[in-house]
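Notes to accompany the following structure.
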2 protein chains.
Amino acid sequence: MTKNTIAEKLVTAGIKPTRIRVALATMLLSGKDQHVTADSVVSIARQKGIRTSVASVYNTLNQFADCGLLKRIIVDHGPIFFDTNTDNHYHVYHENSGTLTDLPAETLQITGIDEIPRTGTITGVDVIIRVSA
Amino acid sequence: MTKNTIAEKLVTAGIKPTRIRVALATMLLSGKDQHVTADSVVSIARQKGIRTSVASVYNTLNQFADCGLLKRIIVDHGPIFFDTNTDNHYHVYHENSGTLTDLPAETLQITGIDEIPRTGTITGVDVIIRVSA
DNA sequence: GTCAGTGCAAACCCTTTGCAGAAAG
DNA sequence: CTTTCTGCAAAGGGTTTGCACTGAC
């Protein structure tokens, strides 16, 4: 049942629901919001008995991100975080632990974005609040 | 004259004004605001006849950033940008060209930061508006 | 049987590090 | 002379790529 809706979600996003894609989508897209790295996904997948590789995980995560099922978050030059919450929202980065937490869009009010000088369309507004203990 | 004030600026920041440090500081801190990468600094420096190496440029830029003379900007997994404008401000990232432009702090009004749930102190608020042609 | 998907290993880019030589006081 | 700085080359971390194998229709 869940598997069906996950597979459908992939099809709707324009991705063929293959074995690992469904496996990773089930891991990532059917539970609660989480921030994962490619490495953590490989570990979790293997714990669950899913046989896969780093390359396939990167391929899959990038496909998911490219079609809007995941959001990429860049906080520093370390690993890229993938956010399963694709709603418009912001992030708090805890520098000591290297972890992220979500900040719902309502928490911050940002005005003036429409007035910025630009050519083209805005594809994203990334806000990261860095905190240190 | 300029050299003296640059050297003094380094001393004030707690850095001993050595040959490349003064050379790079002169390149970066005495003109107008710019966004550079380690690689671009090496190129520019060599064009100006300054003999240096990638390692020294990284060392120097990191020292400058650590003591507040430059700001690091992370936009993606590519090279780190160093911003010579250390005032509180935000950025527009032009995805097609891979370039950054500044957005003065007054351009955006962000309210609600004080109310976010956190432990510790806020060490930075990074805002990157991504635009694509 | 065909063709996309997968996994391994190697390549890749950017950054940092180890160490010997150079420079500054 | 001593100590720090510099530069080269090698190592390092994270991601992507090339290519043969697998698996689904």
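Proteins come first, then strands; the chains are lettered A, B, ... in the order of their sequence lines, and each starts at number 1.
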Does anything in residues 66-83 of chain B form a salt bridge (Lys or Arg N to Asp or Glu O under 4.0 Å)? List the pairs, not counting sequence neighbours.
B:Asp66-B:Arg72
Ignoring hydrogens and geometry beyond distance, is a side-chain donor-acceptor pair present between B:Ser40 and B:Ser43 at under 3.5 Å?
no
When hydrophobic residues are tied together by side-chain contacts of less than 4.5 Å, even through go-betweens, does A:Ile50 share a cluster with A:Leu10?
yes
Is A:Tyr93 reachable from B:Val125 through a run of hydrophobic residues whose side-chain heavy atoms are each under 4.5 Å from the next?
no
Output one line per pair: protein atom, nucleotide atom from nucleotides 7-17 of chain D, and distance, for all N/O pairs under 3.5 Å.
| unit_1 | atom_1 | unit_2 | atom_2 | d |
| --- | --- | --- | --- | --- |
| D:dG7 | OP1 | B:Arg19 | NH2 | 3.2 |
| D:dG7 | OP1 | B:Arg51 | O | 2.6 |
| D:dG7 | OP2 | B:Thr52 | OG1 | 2.8 |
| D:dG7 | OP2 | B:Ser56 | OG | 2.9 |
| D:dT15 | OP1 | A:Ile80 | N | 2.6 |
| D:dT15 | OP2 | A:Tyr58 | OH | 2.1 |
| D:dT15 | O5' | A:Tyr58 | OH | 2.9 |
| D:dT16 | OP2 | A:Asn62 | ND2 | 2.9 |

Side-chain H-bond candidate by donor/acceptor type, A:Thr84 with A:Gln34, under 3.5 Å:
no
Check every nucleotide of DNA chain C for an atom under 4.0 Å from a heavy-atom of chain B, then give the first and the last such nucleotide from 5' to 3'.
C:dC14 to C:dT17
Heavy-atom side-chain proximity of B:Pro79 to B:Asp39 below 4.5 angstrom:
no
Taking the side chain as every heavy atom from C-beta outward, state whether B:Ser132 and B:Glu95 have any pair of such atoms under 4.5 Å apart.
yes
